[in-house]
Structures are given as structure tokens and as C-alpha cells.
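Everything on this sheet refers to the single structure shown next.
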Amino acid sequence: MCGIVGYTGKREAKEILIKGLKNLEYRGYDSAGIAVLDKNRLKVIKRKGKIKNLEELVSKTSFSGSSGIAHTRWATHGVPSDKNAHPHLGCKKRIAVVHNGIIENFESLKKDLLKKGCKFSSDTDTEIISHLIERNYHQNLEEAVRKTVLLLKGSFSLAVISKDEPGKLVGVRLDSPLIVGIKDEEKFLASDSSAFIEDTRRVVYLKDREIAVLTPDSVKVIDFQGRKVSFKEELLSFSKEEVKKGVFKHFMLKEILEQPKVLEKILSYYLKEKDFNLKELTAFRDFFKKLQKINIVACGTAYHAGLVGKYLMEKFLNIPVEVDLGSEFRYKQPTIRKGDLLIAISQSGETADTLAGVRLAKKRGAKILSICNVLGSTLVRESDKVLYTLAGPEISVASTKAYSAQIMVLVILSLYLAKLRRTLPDSLINSYLNLLRKIPSCQLKIVKSKDEIRKIAQKYLNFGAFLYLGRNINYPTALEGALKLKEISYIPAEGYPAGEMKHGPIALIDEYRAVVCIANNSSVYSKMLSNVEEIFARRGRIIILATEEDEQVKKYSRQIIYIPKIKEELSPLITIIPLQLLAYYIAELKGYDVDKPRNLAKSVTVE
Ligand code: AGP
């Protein structure tokens, strides 16, 4: 999704803006541009394609200035092109704007502007904003911006500069995050704090319908009615190293290998010493005790984590749990109502379909508990309670550490609820908690055998299609393993419940089909083994995940990935690691852009 960067201060703006865009590259984009106030003209350079195209052009152009805005565009209205890239200017080229979101009433506004003689140079919805601000400008930029946003319908976070007010940078937040970065004599604006983390960790998270007015030495926040608003300065919870690849070829590998550390952090935060430390949920204790059912809404990888949560909660709490994709939940007649709980799971906290599900559930009177990885995100602001996954910034488009973090939080939440509702004996709860503390070392053991997994990837990278089979609580693991492969290697891959194969999909099996079978120790192990037998009998090319020392699986394949023995309910935290690595190495060996796969964005903020 689009990325916004703004700067005003004492240094050369163009370098800071380009560096900021590079830190936002992971969000996915198809064009990029910058506008800098160079003496008394707005210099705009923008290009279709990668940021390096823009950078080359900037280096060949002589201009300078100490305030500016920049943007990476993920096209919604108007094809990816130089002219449709942001920033956009008004007719008199006095105002420059970059925008993240969608203006739903832009056609009617554009028609009106055309009648008034405005000339447009792009097919975007954004360009109408620059024309409107210019027409509303009367010696006060924030006032012109404020009057303009009152005319707009849709979602819009903006950064705006004007040649008439050098050094002033105005930001608007509505539905897409916009964060102010604070440093002495310098101020920043960005969609995501990774853009300026090398310069400062002092931030202000703008809320919806707020306008930030920045100069090198001042920060002012007003609302859409022009009233001054108080704001809270916070310190970012992560360091600049966390948004750098370091020694790794790709963020994805770095983030896969970070998982043991992430889970350690979650365990030490939510399980201080012996007991639960979920003070965030204290006010909900009575509500939780009376719960009759739980809804979970999420998308993509987060949805798969939600499916694992369903198995856990139905087993530990003995109440029905419905899991829906955000894009489906928002358009069906959901059974959710007052007194119900909606758990929204989202790494970014900006996924439009998940947010729409939350808003629908809130309208029905449900309470919202979100499991999210990004402080200050829209989901966090719209939830009653939040459990953070503490995974640190996840840069690679393919979600890995956020997934196991979401599951770890779901396990802890499920056990917490089981204790509260007395649906499990304390002795069993404690034994699960003790086993949870072993998970990071189990993950580490698998990560240490990553070279074995790379060898399997080498053998299988030319297969035209993959099938991932799992049962029970590892059926979602099969779905997630397939998603990882397809989204970064572009190989068709399908996750399937192993028991369902004989109802049709087994027709797919032959020696050209790679089949990944998740056959670790579990209550359905023998059933799973019969499914492996069925695949083997039809010459499917099998990769098996099995528990250490399992000799039985050897007759089906030489490609065996052994995982440590762990209680079945906790196994999704382990079984996913080899599948993440398998997908990573296949894509890496194919030479693909693993962190930024084609057509994908890190956070899908449009429906
Ligand atoms: C996962 O690898 C994908 N990048 C995608 O499915 C993602 O999980 C989905 O878009 C949900 O994102 P969220 O967790 O930020 O809401």
C-alpha cells in the first residue's frame, strides 16, 4: 500500500525523503516521487517503477531545499505511470500533495473543478486534493487543508507543502496511519515510523480526523473543526536495527530465524514468573466468564492463526468459535450480537477487510479484542482491548514471525480463559504453560537444520504444483505452508485437510505432484499415515514432517524433516517453521524478489 514521507528541518530534504521511501519499500508499490521546496519553486520528480529509478533522476537534477514530501504509490485509480505517481500539484503549482487511501467522491469533485477551469494532469483521485487546497488557500495552509478535507469522502492520509509557506509541513490522518517524528529543529511525517527511525524514535501517533502542522521547531495538532488537540509524545518500542536486513540476504529469512526470540519475549511478557500477566484484560473478566461463543475475523496468514485459535478455544473452553475471513464476514449476515466477543487478528492493524469486520461487530454490540503487532495502528485504536504480539517490525511481505507470535498469544489467551472459566484443571494448564516455555528451543532446533531444508528445496523447486496435507490442528498449518510457497515462488500450492483427499483431490496425485505431509505425533497420527500411504501408492512425491525418531515414515520418502516431540495442541508453533523455510529457499533458489513478491503489498488497506 502507498507510503508517505515528509520532512522539514535544517538538512537537505531529498536524501532524507529517498531514504525514507526505501525504508517503506516493503509496503509494496509501483511508482514513487518527491517534491521539495527549492527556494520559491516546488520541484517535483516522480517515476513509475522502483525507487532506484527515481533516485537516479534525482541525482541528475540540480535542486535543493530543506522541506519536502515523498510517496510510494500502489495504484488504485489510474494505471502505474509517471504522470499518475505522486506528488500532485494544483494548477498554479503552489501546493504539492501526497495521499494514501481512496477519495470516494472524487468524480463529482473533479467535474466541479473542471467546470471552474482546472486543468488535470493525471487520472488519479488524489490530484483533486491539490487543486482544492490551492483554491481554498488564503495565507494559511492548515486552514486550506482543513476546509478541503471536509469536502472529501473516503479514506485519506495526506502530506502537504506550499511554496507560500516555506518550512511548513501539514499532515492529515483518516483511516491510514500517519505518524509524526520529532527531533530538535527537524520534524518528520510518515505512514510508518520505519521511514525515519534512523533519525528519531520520538513519535506522535495521529488519530483519525487530526491535522498535524509541523515546522522545524514546532508541532501543532488540530481537528477537522480547527480546534487545537492535545497530543502524546511516545518512544518507539523498536530500534533501527530491527528494520535493517543486517547479515541476511532477505528480511524473510531474518524474520523466520527471529521467531524463537520473539516467542521468548511473548512468554516473558504475558507469563511473568508462574502466572498469567494479562492485566490488559482485567476489566473483561466478568464478560469473559459469561461468554457463550467467540468470533474470530482475520485475513491471509492471520486467518490461519485464527483457525488454530478455533481448535484451541473449542478444546480448552468448550464453546463454539466461528472463524471468518474479513472479506466474507463483512458481507454475510453474521450471527454476532451484543455480549459476544470478536477477536480480530492482524499483523499490520490496517487490513481493510479485517477493520470492516470489526466495525460491523461493534455496530452489533460485540466487544473487540485485537491481537496486533503495530502500536498506534487503526485496529488498535478501534479495539476495546489489545494483546500485542511484540514481534517487532515485520518487513517481508510474507508473514512469518507474526504468525507464530499470533498463535503463541492465542494459546496463552485460551489457557487464561480456561483458568478463568474453570474449564481445565490448574494442573493441566500449568503443564501446558511449562511446555510453552520449551517452544523457542524447539523452534531453534529446526532453524539449526535449515541447510537440510534447503537441500529439499533444491530437489523440489521445479515441481509445477504442491499439495500440503494436514489434519486437525495442523490443517491450518497446511493452509499456511501453501500460502507461503505460492505468494513468494508463484508455484500453485494448495493446503488441504488430509482426510478430505479421497473426496476428489486425490485425482491430482501422480509423480509430478509434490505433496507435503504434516505427520507429527498427534491423536490423528495413524489416520494421517494412511493418507500418506494413499499418496505413496499413487506415486506422489512426498516431503514428510515427522516427530523425531519416527521410523515408520521412512518407507514413504527420503525427504523427511524431523521436528521435536511436542504436545499436539502446541505443535502448530513448530510445524510451521520447516514450511516457512521450504518456501523461502524455493523462492530464493529461483532468484525471486522474496521480500517484495509481485502484485503483493505488506498491508492491504483497500478492499
Ligand atoms: C501473508 O504472508 C500475507 N502477506 C497476507 O496474507 C497477510 O497475512 C494478510 O494480508 C493479513 O495481513 P494483516 O495480518 O496485516 O492483517
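Only this structure's heavy atoms are used, side chains among them; waters, hydrogens and symmetry mates stay out. We count ligands from 1, going down the list as the structure has it; atoms in each ligand are counted the same way. In this chain, residues are counted from 1 in sequence order.
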Legend entry - Any Lys484 heavy atom less than 4.0 Å to ligand 1: yes

Inset, instruction - Assert yes or no for the condition that the ring centre distance of Phe316 to Tyr432 is strictly below 6.0 Å. - result: yes

May I ask you to list the atoms of ligand 1 that are less than 4.0 angstrom from any heavy atom of [X]?
{"X": "Thr301", "value": "1 (C), 2 (O), 6 (O), 8 (O)"}
{"X": "Glu487", "value": "1 (C), 2 (O), 3 (C), 4 (N)"}
{"X": "Ala398", "value": "2 (O)"}

Report the nearest protein non-hydrogen atom to [atom]: residue, atom name, distance rounded to 0.1 Å.
{"atom": "atom 15 (O) of ligand 1", "value": "Ser348 OG, 2.7 Å"}
{"atom": "atom 16 (O) of ligand 1", "value": "Thr351 OG1, 2.5 Å"}
{"atom": "atom 6 (O) of ligand 1", "value": "Gly300 CA, 3.2 Å"}
{"atom": "atom 11 (C) of ligand 1", "value": "Cys299 O, 3.4 Å"}
{"atom": "atom 10 (O) of ligand 1", "value": "Val604 CG2, 4.0 Å"}
{"atom": "atom 14 (O) of ligand 1", "value": "Gln347 N, 2.7 Å"}
{"atom": "atom 4 (N) of ligand 1", "value": "Val397 O, 2.7 Å"}

Inset, instruction - May I ask you to establish whether Arg541 and Phe463 are in a cation-pi arrangement, using a distance under 6.0 Å from NZ or CZ to the six-membered ring centre and at most 45° from the ring axis? - result: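 No, cation not above the ring by the 6.0 Å, 45° rule.
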
Inset, instruction - Tell me, please, whether Phe466 has Lys486 positioned over its six-membered ring: NZ or CZ under 6.0 Å from the ring centre and within 45 degrees of its axis? - result: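 No; the conditions do not both hold, so Lys486 does not lie above the ring face of Phe466.
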
Legend entry - Glu255 side chain to Ser396 side chain, donor-acceptor N/O pair below 3.5 angstrom: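 Judged by distance alone, the side chains do not pair up.
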
Legend entry - Evaluation steps, side-chain contact (heavy atoms from CB on, under 4.5 Å), between Met528 and Leu469: CA-CA 9 Å; Met528 187 64 204; Leu469 302 182; 4.0 Å; yes

Inset, instruction - Run the salt-bridge test on Glu198 and Lys244 with the 4.0 Å N-O cut-off and return the result as yes or no. - result: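 Salt bridge between Glu198 and Lys244, a charged N being under 4.0 Å from a carboxylate O: yes.
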
Inset, instruction - Decide yes or no on side-chain contact (heavy atoms from CB on, under 4.5 Å) for Ile102 and Asp125, but give the supporting numbers first. - result: CA-CA 7 Å; Ile102 291 181; Asp125 52 342; 4.3 Å; yes

Inset, instruction - Using side chain to side chain contact (heavy atoms under 4.5 Å, CB included) as the criterion, point out the one residue from Ile294, Thr335, Ile296 that pairs with Glu322. - result: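 Among Ile294, Thr335, Ile296, the one meeting side chain to side chain contact (heavy atoms under 4.5 Å, CB included) with Glu322 is Thr335.
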
Inset, instruction - Would you check whether Ser399 has a nitrogen or oxygen atom less than 3.5 angstrom from a nitrogen or oxygen atom of ligand 1? - result: yes

